[in-house]
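Within every chain, numbering begins at 1; the chains are lettered A, B, ... in the order of the sequence lines, protein sequences first and strands thereafter.
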There are 2 protein chains.
Amino acid sequence: MHSPELLKGTLQTIVLKVLKDHGKMYGYEITQRVKELSDDRILLTEGALYPTLHKLEAEGLLKTEIVNIGKRVRKYYNLTTPGKAEARERVTEFVDFIRTMGNVLQVELS
Amino acid sequence: MHSPELLKGTLQTIVLKVLKDHGKMYGYEITQRVKELSDDRILLTEGALYPTLHKLEAEGLLKTEIVNIGKRVRKYYNLTTPGKAEARERVTEFVDFIRTMGNVLQVELS
DNA sequence: TCTTATGCCTAAGACAATTATGTATTAAGC
DNA sequence: GCTTAATACATAATTGTCTTAGGCATAAGA
């Protein structure tokens, strides 16, 4: 697990990009996908994830769809059109940030 | 200027690494060096920098030296031996984090 | 002389995350 | 049949880092 401080500020970017790459997903699924993609290094906590999903939805970047699986409820999230644009921007912004940090820290980012 | 959220958690790493690369520096000088290295994209605020310097000093990672320049006072900071080790670790940690994020976001980090 | 730059610092508040809960269903092990 | 782990949603209290807003003072340039 990574030093958690570095993760701060990246959650929305992660959620938007993962949804962009994988399409319709529900909360728990997102945590598992990120765990998998990060090789168990990024473990999203529910206390952070759900408020973030709700916030992105309130901003119109995500839309939801509730599906019943037996007696259990799943809430699927997907990007809206503005959400897709936002995902692109966030990733670009992140990459730019990393380049800048590479200069400041004088490191090569393979 | 970058989205400030992404910067969160990176301040200590920046301070430690810049001091490692440039040796003895004072607070204001650090802000200017980072501004320069980042091409004006990272502007450290004093309200964040000074508490961080004091904290790192309290942890024994930095040592200080006060110098009078005319009537003005400069407080130089430099890494201690544990501080140098910590700087190395923080940078390694940051690079690892970036690699992980590259996988999660599915982006190439040149 | 007024603004900008240099130089240190602290305090209040915002914000995002962690930690701690709460509720409930389903599958697996014993 | 019972217990535990996994699945699945969610909120609330707290923590920590940062921004914003102050405060004080010297030096240089227009």
Result block: side-chain N/O donor-acceptor pairs under 3.5 angstrom for residues 73-83 of chain B, not counting sequence neighbours:
| from | atom 1 | to | atom 2 | distance (Å) |
| --- | --- | --- | --- | --- |
| B/Arg74 | NH1 | B/Tyr76 | OH | 3.2 |
| B/Arg74 | NH2 | B/Tyr26 | OH | 3.3 |
| B/Thr80 | OG1 | B/Gly60 | O | 2.7 |
| B/Thr80 | OG1 | B/Leu61 | O | 3.1 |
| B/Thr80 | OG1 | B/Gly83 | N | 3.1 |

Could you check which of [options] has an atom nearest any side-chain atom of [X]?
X: A/Leu11; options: D/dT11, D/dA6, C/dA17; value: C/dA17
X: A/Lys75; options: D/dC9, C/dT25, C/dA16; value: D/dC9
X: B/Thr45; options: C/dG7, D/dC9, D/dT20; value: D/dT20

Atom pair distance, as rounded to whole Å: [atom1] in [X] and [atom2] in [N]:
X: A/Lys8; N: D/dC18; atom1: NZ; atom2: P; answer: 8 Å
X: A/Gln12; N: C/dC15; atom1: CD; atom2: C1'; answer: 11 Å
X: B/Leu49; N: D/dT17; atom1: CG; atom2: P; answer: 15 Å
X: A/Gln32; N: D/dC9; atom1: CD; atom2: P; answer: 11 Å
X: B/Leu56; N: D/dT17; atom1: CG; atom2: C1'; answer: 13 Å
X: A/Glu57; N: D/dC9; atom1: CD; atom2: C1'; answer: 14 Å
X: B/Ile42; N: D/dT17; atom1: CD1; atom2: C1'; answer: 16 Å
X: B/Leu43; N: D/dT20; atom1: CG; atom2: C1'; answer: 15 Å

>> Evaluate A/Gln12 against A/Lys55 for side-chain contact (heavy atoms from CB on, under 4.5 Å), listing each step before the verdict.
In response: CA-CA 10 Å; A/Gln12 291 191 11; A/Lys55 194 187 171 203; 3.5 Å; yes
If only side-chain N and O atoms of [X] are considered, is one of them under 4.0 Å from the OP1 or OP2 phosphate oxygen of [N]?
X: B/Tyr50; N: C/dC9; value: no
X: B/Tyr26; N: C/dC8; value: no
X: A/Lys55; N: C/dA16; value: yes

>> Can you give me the closest heavy-atom contact between A/Lys84 and A/Lys20, atom names plus distance?
In response: O-CE, 4.3 Å
>> Looking at every heavy atom in both B/Glu29 and B/Met25, which two are closest together, and how far apart are they?
In response: OE1-CA, 3.3 Å
Categorize [X] for me: base, sugar-phosphate, or nothing, with a 4.0 angstrom heavy-atom threshold over every strand shown.
X: B/Glu46; value: base
X: B/Arg72; value: base
X: A/Lys71; value: sugar-phosphate

> On DNA chain D, nearest-nucleotide positions of A/His54 versus A/Arg74: which is more 5'?
Replying inline: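 It is A/Arg74 whose nearest nucleotide is closer to the 5' end.
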>> Could you measure the distance from the OG1 atom of A/Thr64 to the CG atom of A/Leu62? Nearest 0.5 Å is fine.
In response: 9.0 Å
> Does A/Thr52 or A/Ile69 map to a spot on DNA chain C nearer the 5' end, using the closest nucleotide for each?
Replying inline: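 The residue closer to the strand's 5' end, by nearest nucleotide, is A/Thr52.
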> Between A/Gly70 and B/Gly47, who's closer to the 5' end of DNA chain C by nearest nucleotide?
Replying inline: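 Comparing both residues, the 5'-ward one is B/Gly47.
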